[in-house]
Amino acid sequence: MTAVNSLKLYDTATRSVREFQPLKKGHVSMYVCGATVQAAPHVGHIRSGVNFDILRRWLAASGFNVTFIRNVTDIDDKILHKAVHEEIPWWAVAIKYERAFADAYDALNVLPPTYEPRATGHITQMIELMQTLIENGSAYAPGNGDVYLEVRKLKSYLTLSNQKLDDLLPAGDADETYKRDPRDFALWKAAKPGDPSWPTPWGDGRPGWHLECSAMAHAYLGTEFDIHGGGLDLIFPHHENEIAQSQAAGYGFANLWMHNAWVTTSGEKMSKSLGNSLLVMEVLKRVRGIELRWYLGSAHYRSMLEFSFEALEESAVAFRRIESFLKRAKETVGEISPAIADEFAALMNDDLAVPQSLALISEWQRAGNTAFTAGNTAEVAKNASFIRGALSILGCDPFDPHYGEANSSDLTSAVDGLIAALLEQREAARVRKDFAAADSIRDRITAMGISIEDTPQGPRWSIN
RNA sequence: GGUGGAGUGGCCGAGAGGCGAGGCUCGGGACUGCAAAUCCCGCUACACGGGUUCAAAUCCCGUCUCCACCUCCA
């Protein structure tokens, strides 16, 4: 039995682990900042997706009805630059990379959000929000087509990042002709020739970076919601500005803020300036999606994950051992029903202590293998159930149809028949102690990419 | 300059006053015709210098190194 009331999560706003209390009993409303679709996703982007997917699955498994919003920002400066660079329309850039992200999420079994709103589909809501902000004096339109939020007028600002307005470095690049304060940020940007634009009461233009999240969170989750998430680097300015404009409009906004740490290479943050080698689709040429997900989920979501192909391969090896145990277990005890162990639940409730839960999985695996040797099928089934239950929360259940068991097709039975014939020959050779012949058959099978294991129940094979 | 984070064994990675997570690698053993798989044993670490304490990887003071954000960022 999962004690839903005991879930504790780290809140960036208070810098402490807090008891999670949903606004509405039995429901959780979550907004996670999704991609700005201006380039193909790298493993750092997808880690965020995996981390919040684990949280979402855990909330759902704990009995909550979860409304999970992850937006697509499909209009911004970088997309416009990319359009010029790639010589295609900006909207073609946006959909191209939106699909690349969708493919990556799918490959790693990141569940689709409840709703996945696009910025360009919510211009009306953005204009309404700006209208409210201008009417109540929080924002101003200086007449050049821009609309700014006046940060000095805010009752509080920068509370999430714990900074003082005057400590911030001067913006530098901003055109301050129209700003009342250099730190005021643009809700809306006036149209430049050739740029896409939408009509507003203050002139034609396009959204600034932060406005879309406030508008869409409000549209789908209301004035106040439970959890807002995103990458650590969004704390400032993106999330501060979301808070600023939302609260200036009178919304309570998010109750708890969660931020995942990034993936690093050589100790440094993986950035978009890196080459292509760490794009999700490139990495997936070396390991399966389930293995990449296992690796990305294996560090605590608030810890940096130092990416290396060596660590990735090792992690994949470790995962295959667990997978192999589950498959053997299924062959012997039949269908394995996932079960959530109390110990696992306690760890997940402690700010998603995934790394410790991996230790737990290792223990179950060892106990399960020992039970296997002892022929204790009840014990095998119990351990397998706990493992499968934990893996389902981590999104790494090898029996999840999402990962599409490639070898569960009709081909498997055909291959099974062929391998069985060869194995019979090998067994005959072994019986007559003709080990040279037996090993020769095994070598041929191995060369086909199939592993042979001799078990007390006879040889079994698996595709590498 | 401001704000935040990190330094743990060959590698990855938890923990946050006591009795040494876990995985991978490596070495040894059991099992096996040999393998494979599996199990058992071993390798005993917390950047540095002080301090507090019966007890410090964990708390305090100082030092070093690294990283991130400060209006492009997952």
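Atom set for the values below is all heavy atoms of this structure, side chains included, hydrogens, waters and symmetry mates excluded. In what follows, every chain begins at residue 1, and chains take the letters A, B, ... in the order their sequences are listed.
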In whole angstroms, the gap separating P of B:G15 from CG of A:Leu352 amounts to 12 Å

Looking at B:A35, does its base get a donor-acceptor pair with the side chain of A:Asp454 below 3.5 Å? yes

Is the distance from the ring center of A:Phe68 to that of A:Tyr115 below 6.0 Å? no

Taking A:Ala190's backbone N and O only, do any of them form a donor-acceptor pair with A:Asp146's side chain (distance below 3.5 Å, no angle check)? yes

With the side chain defined as heavy atoms from C-beta on, A:His210 is closest, among B:U71, B:C34, B:C39, to B:U71

- [ ] Record whether the side chain of A:Arg430 comes under 3.5 Å of the base of B:G33 through a donor-acceptor pair of N or O atoms.
- [x] yes

Here the distance between atom P of B:C39 and atom CZ of A:Arg328, to the nearest Å, is 8 Å

Note: contacts of residues 108-116 of chain A with RNA chain B (heavy atom, under 4.0 Å) are none

(Q) Between B:A37 and A:Arg321, counting only base atoms on the nucleotide and side-chain atoms on the residue, is there a donor-acceptor pair under 3.5 Å? (A) no

Verify the distance criterion only: is there a donor paired with an acceptor across the side chains of A:Tyr301 and A:Asp351 at less than 3.5 Å?
yes

Next on the checklist: Would you say A:Lys269 places a side-chain N or O within less than 4.0 Å of OP1 or OP2 belonging to B:G5?
Outcome noted: no

Could you measure between the two C1' atoms, the one in B:G4 and the one in B:C41, and give it in whole Å?
44 Å

Picking from B:G33, B:U71, B:C24, the nucleotide nearest the side-chain atoms of A:Ala318 would be B:C24

Of B:A36, B:A74, B:G2, the nucleotide closest to the side chain of A:Gln163 is B:G2

Exercise. Look at A:Asp53 together with A:Arg57 and state whether they make a salt bridge at an N to O cut-off of under 4.0 Å.
Key: yes

Of the candidates B:G22, B:A14, B:C39, the side chain of A:Ala359 sits closest to B:G22

Rounded to whole Å, CD of A:Glu291 lies from C1' of B:G23 at a distance of 15 Å

Among B:A14, B:G23, B:A74, the one nearest any side-chain atom of A:Ser362 is B:G23

Cation-pi check for A:Phe372 against A:Arg328: NZ or CZ below 6.0 Å from the six-membered ring centre and within 45 degrees of the axis, yes or no? yes

Taken to the nearest whole Å, CG/A:Leu360 to P/B:G13 is 20 Å

Closest of B:A68, B:A74, B:G13 to the A:Ala299 side chain is B:G13

Walking RNA chain B from its 5' end, the first of A:Leu234 and A:Tyr301 to be reached, judged by nearest nucleotide, is A:Tyr301

When rounded to whole Å, the CD to P distance for the pair A:Glu310 and B:U25 reads 14 Å

Exercise for review: Please measure how far the C1' atom in B:A16 lies from the corresponding atom in B:A55, and state the result in whole Å.
Suggested key: 15 Å

Any ion pair linking A:Arg152 and A:Asp166 (charged N to carboxylate O, less than 4.0 Å)? yes

Side-chain atoms of A:His42 come closest, of B:A74, B:A14, B:G33, to B:A74

Where does the angle between the aromatic ring planes of A:Trp294 and A:Phe319 fall among parallel (under 30°), tilted (30 to 60°) and perpendicular (over 60°)? tilted

Pairing of A:Arg432 and A:Asp434 as salt bridge, 4.0 angstrom limit: yes

Fill in: Residue pair A:Asp181 / A:Glu150, side-chain heavy-atom distance below 4.5 Å
no

May I ask you to verify if any side-chain N or O of A:Arg183 is less than 4.0 angstrom from the OP1 or OP2 atom of B:C70? no

| said: Can a side-chain donor-acceptor contact be found between A:Asp195 and A:Trp90 if the only test is distance below 3.5 angstrom? | reply: no

Work out how far the P atom of B:G15 is from that of B:C34, and round it to whole angstrom. 44 Å

request  = Measure from the ring center of A:Tyr220 to the ring center of A:His122 and say whether it is less than 6.0 Å.
outcome  = yes

note: A:Trp364, atom CH2; B:G22, atom C1'; distance rounded to Å ~ 13 Å

Sticking with atom P, work out how far B:U52 lies from B:U58, rounded to a whole angstrom. 15 Å

Please measure how far the C1' atom in B:U3 lies from the corresponding atom in B:C43, and state the result in whole Å. 42 Å

* Span that lies between the P atom of B:C61 and that of B:A6, in whole angstrom -> 16 Å

Side-chain N,O (A:Asn162) to OP1/OP2 (B:U3) below 4.0 Å
no

Result for 5'-nearest mapping on RNA chain B, choosing between A:Pro237 and A:Tyr10, is A:Tyr10

Read 5' to 3' with Watson-Crick or G-U pairs under 3.5 Å, [ ] for crossing pairs and | for partners on another strand, RNA chain B gives (((((((..(((.....[...))).(((((.......)))))....(((((..]....))))))))))))....

Side-chain atoms of A:Gln356 come closest, of B:A14, B:C34, B:U71, to B:A14

Per atom distances to the A:Ser48 side chain, the nearest of B:A74, B:A35, B:A14 is B:A74

Whole-Å distance, A:Arg442 CZ to B:U32 P, equals 15 Å

Whole-Å distance, A:Arg366 CZ to B:C41 C1', equals 13 Å

Result for ring pair (Phe, Tyr, Trp, His ring centres under 6.0 Å) between A:His228 and one of A:His239, A:His259, A:His238 points to A:His239

Using OP1 and OP2 only, check whether a side-chain N or O of A:Ser308 sits under 4.0 Å from B:C11.
no

